[in-house]
Participant: 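Can you keep this structure in mind? I'll have questions shortly.
All residue numbers in this chain count up from 1 along the given sequence. Read the numbers this way: they start at 1 and go in the same order the structure lists the ligands and their atoms.
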Amino acid sequence: MPEDVSPQILKKAQELRSTLHRHNYRYYVLDDPEISDAEYDRLMQELMRLEGKYPQLRQPDSPTVRVGAPPLEKFDSVAHSIPMLSLDNGFSDEDILEFDRRVRRNIGEPNNISYTAEPKMDGVAVELIYENGKLVTAATRGDGQTGEVITDNVKTIQAVPLVMQTGFAPPTPPLCEIRGEVFIGLEAFQRLNQERIGQDLPPFANPRNAAAGSLRQLDSKITATRPLEVFFYGVGLVEGAAFQTHGELLAVLKRWGFRINPLIRSGISIKAALDYYRELSEKRHQLAYDIDGVVIKVDRIALQQQLGATSRSPRWAIAYKFKAIQETTTIEAIEVQVGRTGVLTPVAHLRPINVGGVRVSRATLHNQDEVEKKDVRIGDHVLVQRAGDVIPEIVKVIASKRDGSETVFKMPAKCPVCDSKVIRMEGESATRCINSSCSAQVKERIKHFASKSAFDIDGLGKKLVDRLVDKKLLSSFADIFALDESLLSGLERMGAKSAANLIGAIEKAKTIDLSRFLYALGIRHVGEHVAALLADHFKALEPLMNCSPKELEAVDGVGPIAAASITQYFEQRRNRHIIDQLLTSGVKWETAALKQTGKLDGRIFVLTGKLEEFTRSRAKSLIEAAGGSVSGSVSRKTDYVVAGDAPGSKLTKAKELGVKVIDEAELKGLLA
Ligand code: IVH
């Protein structure tokens with residue numbers, strides 16, 4: 001029998017729920033958090049503890065449901081009250097001007113029409129149904145008439161309000177259907193794919209597929225592990241609220257708690273919409289997510305209704321698509337690259353081609369299975385796309401263009417770099433070079449070690465690592481810390497100043513937190529996430545090095561494969577020696593002590609400009625380790641803006657808002 005719940009506990013749970021909802025809103029929708037992540041986690045833990053102890057407190061709209069629900073047998077389907085239509089596409093300014101003329105002709109309006117222009121998100125459309133402010137159903141678009149019910153999955157997305165914000169005008173309507181696009185950001189997509197490759201799972205072809213696959217999981221606990229995000233852009237049926245313009249609708253949605261893309265521009269002319277398209281075409285490669293065009297919508301809702309829709313698409317909106325990012329070219333050769341863990345990856349050398357404004361001359365083919373599945377041959381004409389807008393990939397072969405001169409690719413029997421034997425383990429898709437001293441592996445391991453998320457050694461870039469390994473100046477991690485300034489400055493294309501800077505950066509990197517250190521070692525199946533879990537659990541290296549797979553599996557988030565790989569790593573004398581060498585070279589960490597002090601509990605920092613001694617990522621981890629948080633933008637809630645050399649607009653904003661500005665020395669003082 002569950003224990004009885006006292007009125008105080010009931011009240012406490014209710015308070016925690018509404019506090020967490022409010023903080024979610026501030027964080028995801030307003031991008032203006034009031035508390036640190038650590039404080040948020042504490043509130044969440046407290047609610048989870050209460051709901052664990054008194055299961056009768058659990059509610060479908062509790063912020064704790066983000067972790068996922070029991071698996072489904074299959075998805076239910078639901079009819080959309082208003083069909084979820086498609087958009088007509090335009091590909092040139094003329095298409096858009098023609099759309100504007102058509103709009104004016106249809107409504108008999110010779111004068112300027114006001115429009116809203118929005119990024120066209122390249123994700124998956126969803127509809128969320130709220131009854132009396134509570135999320136009751138979420139569905140996919142499906143065939144436009146009927147969608148699949150994916151409520152449990154959608155609830156795991158942090159930016160989805162489980163209850164609408166109250167206290168803002170207009171009041172929460174009894175029924176409203178909110179529509180938007182679920183997507184995965186580019187960085188998170190890369191990380192997700194790296195993790196999958198590390199687990200011998202096939203990578204997703206692009207962020208949209210990853211988002212779609214994640215939303216269509218029968219087990220919402222899997223969806224909960226995926227970095228899904230959402231922007232909302234419209235409504236279906238709404239009862240009890242009306243809007244004059246689309247711009248006003250978006251403003252109200254934002255007040256109700258829905259995340260709206262800040263790049264949206266309302267109340268603009270068709271000419272300004274064309275300018276917006278050009279601006280975004282240039283900016284799109286700097287965005288953190290994929291967009292494939294601009295959606296232009298008639299602003300006035302009354303005009304939208306007057307214009308109506310065809311069976312396929314509304315007459316009041318059009319998608320102005322960016323130039324195609326798929327192109328055809330030919331494969332000139334297939335080269336085999338050797339990675340950090342010895343995995344051989346076939347890479348296609350393409351006849352260089354411009355894909356959406358970027359020159360593409362290579363595309364990964366992943367592994368032998370992938371080559372066979374796509375039946376890619378040397379000499380083939382292929383369709384290439386920039387997936388996730390960054391890594392180019394081969395979509396398919398254009399078989400009709402073959403003339404018989406194409407040659408089939410076979411994985412080599414020996415490592416193309418060191419000539420050692422290669423093996424392919426049963427059940428694995430990867431072929432590996434077994435020689436861990438293979439110079440290709442050494443180079444990649446060192447690049448990983450020096451990379452941003454690991455030791456973050458400024459100036460030790462990929463090309464330099466290649467040169468230093470080729471010149472036998474580097475063959476192990478510890479060699480980095482023994483690099484000699486005069487020797488470096490004697491290298492070609494490396495002046496005295498760069499050499500001194502590099503030595504400075506190496507010295508600075510010696511102090512590191514445990515999780516980055518573990519990640520830097522490059523243990524198989526230990527990505528950034530697992531490394532952070534291990535550091536958090538074990539707090540120090542010693543106990544981790546000596547624990548059993550069972551103890552490792554007891555760490556929430558560490559599975560049997562990672563556990564086995566970690567123990568195997570530390571069992572090897574060679575690896576223990578590597579760690580000894582690093583510690584002897586002066587590598588040390590300090591954040592465990594800071595963590596306990598919680599000196600900066602709840603303090604929000606913003607970093608701007610170049611810091612002298614700390615790298616940004618290191619300043620961030622030190623602040624976080626001391627209980628503070630680092631935000632990307634300055635608001636009234638910011639406690640400190642840390643200004644380095646050549647600070648940007650954040651400093652101006654801080655001064656405007658009267659936020660305390662400190663320099664690096666003062667930050668060090670706070671952390672000391
Ligand atoms: S409005 C009646 N706005 O594009 C059409 N759609 O091709 C309502 N999309 O299924 C759609 N960003 O998934 C609209 N800012 C945006 C959008 C957007 C992406 C997607 C949406 C829709 C598809 C239509």
Participant: Please list the nearest protein heavy atom to atom 8 (C) of ligand 1 with its residue and the distance rounded to 0.1 Å.
Facilitator: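 For atom 8 (C) of ligand 1, the nearest protein heavy atom is Leu87 CD2, 4.4 Å.
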Participant: So for Pro314, does at least one of its heavy atoms come nearer than 4.0 angstrom to any atom of ligand 1?
Facilitator: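 Contact present.
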Participant: Please check whether Met121 reaches ligand 1 - meaning an N/O of the residue sits under 3.5 Å from an N/O of the ligand, judged on distance alone.
Facilitator: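 Such a contact does occur with ligand 1.
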Participant: Which atoms of ligand 1 are found less than 4.0 Å from any heavy atom of Pro119?
Facilitator: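 Close to Pro119: 12 (N), 15 (N).
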Participant: Nearest protein heavy-atom contact for atom 15 (N) of ligand 1: which residue, which atom, what distance?
Facilitator: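 For this ligand atom, the closest protein heavy atom is Glu118 OE1, 2.7 Å.
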Participant: Would you call Arg191-Glu187 a salt bridge at under 4.0 Å N-O?
Facilitator: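 Answer for the salt bridge query: yes.
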Participant: Quick one: does Gly123 get within less than 4.0 Å of ligand 1, heavy atoms only?
Facilitator: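 The answer is no, since Gly123 has no heavy atom less than 4.0 Å from ligand 1.
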Participant: Does a side-chain N-to-carboxylate-O contact under 4.0 Å join Lys283 and Glu279?
Facilitator: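 Result for this pair is no, no salt bridge flagged.
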Participant: Please determine which of Lys396, Arg402, Arg351 meets the salt bridge (Lys or Arg N to Asp or Glu O under 4.0 Å) test together with Asp380.
Facilitator: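 Option passing the salt bridge (Lys or Arg N to Asp or Glu O under 4.0 Å) with Asp380: Arg402.
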Participant: State plainly whether the residues Arg66 and Asp152 are in salt-bridge range, i.e. N to O under 4.0 Å.
Facilitator: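 Between Asp152 and Arg66 there is no salt bridge, as every charged N stays at least 4.0 Å from the carboxylate O atoms.
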Participant: Taking 4.0 angstrom as the limit, do Glu109 and Arg104 come out as a salt bridge?
Facilitator: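 Here Glu109 does not pair with Arg104 in a salt bridge, since their nearest N and O are not under 4.0 Å apart.
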Participant: Consider ligand 1: state whether an atom of it lies below 4.0 angstrom from any non-hydrogen atom of Arg179.
Facilitator: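 The answer is no: ligand 1 sits nowhere under 4.0 Å from a heavy atom of Arg179.
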Participant: Under a 4.0 angstrom heavy-atom cut-off, which atoms of ligand 1 come close to Val295?
Facilitator: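 Result: 3 (N), 15 (N), 16 (C), 17 (C).
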Participant: What residue and atom, counting heavy atoms only, is the protein's closest point to atom 13 (O) of ligand 1, and at what distance?
Facilitator: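 That would be Glu181 OE1, 2.4 Å.
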Participant: Tell me the protein heavy atom at minimum distance from atom 3 (N) of ligand 1, and give that distance in Å.
Facilitator: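 Looking at atom 3 (N) of ligand 1, the protein heavy atom closest to it is Lys297 NZ, 3.0 Å.
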Participant: Using heavy-atom distances, let me know which of Phe183, Phe231, Tyr233, Trp316 sits nearest atom 16 (C) of ligand 1.
Facilitator: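 Of the listed residues, Tyr233 has the closest heavy atom.
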Participant: Does the ring center of Tyr277 lie less than 6.0 Å from the ring center of Phe322?
Facilitator: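 Yes, ring centres under 6.0 Å apart.
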Participant: Phe258 vs Tyr130 aromatic rings, parallel, tilted or perpendicular, using cut-offs 30° and 60°?
Facilitator: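 The arrangement is perpendicular - the two ring planes meet at more than 60°.
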Participant: Under 6.0 Å between the ring centres of Phe99 and Tyr320?
Facilitator: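 Judged by ring-centre distance (under 6.0 Å), Phe99 and Tyr320 do not meet the cut-off.
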Participant: Evaluate Lys120 for polar contact with ligand 1, using N/O atom pairs at a separation under 3.5 Å.
Facilitator: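 Between Lys120 and ligand 1 (N or O atoms, distance only) the closest approach is under 3.5 Å.
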